[in-house]
2 protein chains.
Amino acid sequence: MMSLQYKNKEAYPLTVTIYDVAREANVSMATVSRVVNGNQNVKPATRKKVLEVIERLEYRPNAVARGLASKKTTTVGVIIPDISNNIYAEAARGIEDIATMYRYNIILANSDQNEEKELTLLDTMYGKQVDGIVMMSDAVTPKLHQSMDHSPVPIVLAGTVDESNQFASVNIDYFQASYEAVQMLIANGHKRIAFVSGPLHNTINSKFKLEAYKKALSDARLEIDEQLILPEEGSYDSGIEAWETVMTLEQPPTAFFAGSDELAIGIVHGAQDNGYKVPEDIEVISFENSKLARMVRPQLTSVVLPLYDIGAVAMRLLTKIMNKEEIEDQEVIIPHRIEVRKSVKKND
Amino acid sequence: MMSLQYKNKEAYPLTVTIYDVAREANVSMATVSRVVNGNQNVKPATRKKVLEVIERLEYRPNAVARGLASKKTTTVGVIIPDISNNIYAEAARGIEDIATMYRYNIILANSDQNEEKELTLLDTMYGKQVDGIVMMSDAVTPKLHQSMDHSPVPIVLAGTVDESNQFASVNIDYFQASYEAVQMLIANGHKRIAFVSGPLHNTINSKFKLEAYKKALSDARLEIDEQLILPEEGSYDSGIEAWETVMTLEQPPTAFFAGSDELAIGIVHGAQDNGYKVPEDIEVISFENSKLARMVRPQLTSVVLPLYDIGAVAMRLLTKIMNKEEIEDQEVIIPHRIEVRKSVKKND
DNA sequence: TTGAAAGCGCTAACAC
DNA sequence: GTGTTAGCGCTTTCAA
């Protein structure tokens, strides 16, 4: 059964081109092109005439033809691990908002942190002639690095660390932020603090959060117990599991530094479901501060990871690069802070 | 400061075209095109030779040129209200997964449920020559309807009701699902059930959830009290607010039917923060069943809204239409169910 | 099985 | 200010 939409479609199969407009308006294609593109070298009267015809004919420029002729598609590629994960969705929104502001569209694709897919997607984006790419990834592997290096268009990394420091990127200071978080727990007198990190193949987890955790402990002359380091998946259930694992220990931890809000909530619920009180018995600090952080009791104290901003700034940076503007610094670090709520005791 | 990436870019500024491959392989462009497109009418030896040159030259077809020549871009437009909202992100993932499976890319754009933007975005998509569009919207307004009617490409509505029944769409039976949810509360003996709906300019809320709520009440000969109908925003905080509003009533409700998980969690926390127990004092049933539903205590009983599936099926339907395959029914209804957890008492 | 050539719809010199 | 004319890189008849 065909829809009305279809019937209509068959009624208007003809696309009107710049040539049609030119003919109807008695001008050349060049002139039509000029008015469409806002070129000032057109007599007002001519412009008006052309505009009228455009309206009458419902002319709509063909972006593909334009892209082929001008070598600019005004679309950028966005490669992220998983749009259904709040973290990336938030960043994607930041990217899209700024893209829209600068009149770019976005081709969005999920990589599932799979190197194969990332590589394929980069190639797809190159093929689609995007004007630039914003990429989020767990780790810039050698192969990824190589592909990016040969990219025909600029690439900006968002919330993604490239250890070679060769690409434009937008991040926060993960090490410092994590250090402060662990310090906050230490200041509350905890000797045994667990770190539930999220996957360690993620560079940020392995090189910054974990290292900061260790540094904070050793700076405070506390023992680093590998049993308290749990590289979980990052999900709510992993949070619960982490709690269960760690609570069977002879000397269980009294505080947790969690790599994400979901993880943190899992830990909180794990504790509460077993009769522990947060923050009285167990203190938890998270790293993310999504809206979830307020949707638990107690609400989570959390390092603020400004995903939206990271996305937005990355896209803004990309527009500058695409535009060949001067860039002060191609590796931007956004300020961070810790939002204090109730999952950690006040100490003052 | 220019990155290495840039230096490299300037070192390889030449794009290799189908013409280069043809010349190097001593064949015509047509032949190269054939092997690139998997056309069988090529002698194996020729194919091999061409493939070698392609590899050697690192030739990558220009999708824009291809799009112009073939009038197919293998990209579809996706217009959703807000990717940072879990509901839409989930659907977007479904859409993208199936799109990828059928080798389409996706241009993703946020409309913020703003009719202006939706109209602009549709135009943008038409201009970009997408091969089809998946759209999610609160309401198919007359203007939207008109634009879609004149669309040069097929459009499928996902999780979006078009009252004219003119467009292809994928949904669940919102009325029936809501009716069952309210019935469950009625069966537990509640006489005063509040409906916290989310914005009523959303067709699904106003025409289905609300109507079903009223019908269920009146079928059970219960009074419909307008004070118990709260068209909130849909956020966590609105849930809390709804609770507060309704609890000042002379006869407050003892149960809630919430339009989304966030709303439901807000209500649960509102109740708990004021010393009420869920489900002992207050029962709550939600409509969404995102992963949030399990991330509260008590976990939420919720109507299952299969967003991922809705997106996936919508995209699949779109591929069929783009492909001019026979469609059994252009309005597909996915089965729904209620996931029973702890925010509603067992009654058996 | 292969090639020649005509576009696809637009931009961008360049000339007038 | 405006028009002419090459392309942009590819697909697609149509012939051979």
Side-chain angles (χ1 to χ4, degrees), chain A residues 13-51 53-54 57-75 103 124 126-131 152-153, chain B residues 13-51 53-54 57-75 123-124 126-131 152-153:
Chain A
L14 351 57
T15 46
V16 5
T17 74
I18 199 172
Y19 177 79
D20 301 315
V21 176
R23 180 170 34 70
E24 287 292 307
N26 284 311
V27 297
S28 70
M29 286 163 55
T31 297
V32 178
S33 177
R34 286 188 189 101
V35 349
V36 167
N37 291 297
N39 185 317
Q40 286 310 305
N41 292 338
V42 183
K43 202 177 0 172
T46 322
R47 174 187 312 282
K48 183 152 172 291
K49 183 174 58 177
V50 171
L51 252 15
V53 175
I54 285 178
L57 266 44
E58 296 186 356
Y59 167 69
R60 186 186 299 121
N62 179 324
V64 173
R66 187 184 282 194
L68 184 59
S70 69
K71 295 178 170 304
K72 296 200 169 314
T73 55
T74 63
T75 107
R103 321 215 147 275
T124 304
Y126 303 155
K128 293 257 173 172
Q129 313 297 121
V130 297
D131 295 337
V153 293
Chain B
L14 351 58
T15 45
V16 5
T17 73
I18 199 172
Y19 177 79
D20 300 318
V21 177
R23 181 171 33 69
E24 287 292 307
N26 284 312
V27 296
S28 70
M29 287 163 56
T31 298
V32 178
S33 177
R34 286 186 190 102
V35 349
V36 167
N37 292 296
N39 185 318
Q40 286 309 307
N41 292 338
V42 182
K43 203 177 1 171
T46 318
R47 175 187 312 281
K48 182 151 175 289
K49 183 173 58 177
V50 171
L51 251 14
V53 175
I54 285 179
L57 266 43
E58 297 186 356
Y59 168 69
R60 186 186 299 121
N62 179 325
V64 173
R66 186 184 283 194
L68 184 58
S70 69
K71 296 178 170 304
K72 297 202 169 310
T73 55
T74 64
T75 107
D123 262 334
T124 304
Y126 303 155
K128 293 258 173 170
Q129 312 298 119
V130 295
D131 295 337
V153 294

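As the structure is a prediction and not an experimental result, all values here were calculated from the model. First the proteins, then the strands, lettered A, B, ... as listed; each starts at 1.
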- Of Gln40(B) and Leu68(B), whose nearest nucleotide on DNA chain C comes first from the 5' end? Gln40(B)
- Item | Out of dA13(C), dT1(C), dC8(C), whichever nucleotide has its closest atom nearest the side chain of Arg34(A) | dA13(C)
- Query: Between the side chain of Thr31(B) and the main-chain N/O of Val27(B), is any donor-acceptor distance below 3.5 Å?
  - Reply: no
- Message: Any base atoms under 4.0 Å from Thr17(B), or only sugar-phosphate, or nothing? Heavy atoms, all strands.
- Response: sugar-phosphate
- Side-chain N or O of Thr15(A) less than 4.0 angstrom from OP1 or OP2 on dG9(C)? yes
- Message: If I take atom OH in residue Tyr19(B) and atom P in nucleotide dA4(C), what distance separates them, rounded to the nearest angstrom?
- Response: 10 Å
- Below 4.0 angstrom from OP1 or OP2 of dC8(C), is there any side-chain N or O of Asn62(A)? no
- Whole angstrom value for the distance that separates P of dC10(C) from CZ of Arg66(A): 8 Å
- Could you give the start and end, 5' to 3', of the contact zone on DNA chain D for chain A, using atoms under 4.0 Å from its heavy atoms? dG1(D) to dG9(D)
- Query: Rounded to the Å, how far apart are Lys49(B) NZ and dG3(C) C1'?
  - Reply: 13 Å
- Task: Would you kindly give the NZ-to-C1' distance between Lys71(A) and dA13(C), to the nearest whole Å?
- Result: 15 Å
- Note on the structure: note: Asn41(B), atom CG; dG3(C), atom C1'; distance rounded to Å ~ 14 Å
- Message: Counting the atoms with a prime plus P, OP1 and OP2 as sugar-phosphate, which does Val27(A) contact under 4.0 Å by heavy atoms, base, sugar-phosphate, or nothing?
- Response: sugar-phosphate
- Query: OH of Tyr59(A) versus C1' of dG9(C): gap in Å, rounded?
  - Reply: 7 Å
- For Thr74(B) and Lys128(A), what are the C-alpha separation, side-chain angles and deciding distance, and is it a side-chain hydrogen bond (donor to acceptor under 3.5 Å, both in side chains)? CA-CA 10 Å; Thr74(B) 64; Lys128(A) 293 257 173 172; 3.2 Å; yes
- Message: What is the separation between atom CG on Asn37(A) and atom C1' on dC10(C), rounded to the nearest whole Å?
- Response: 9 Å
- Message: Distance check needed: dA13(C) P versus Met29(A) CE, whole Å only.
- Response: 16 Å
- Item | Nucleotide nearest Thr46(B) when distance is taken to its side chain, options dT2(C), dT11(C), dC8(C) | dT2(C)
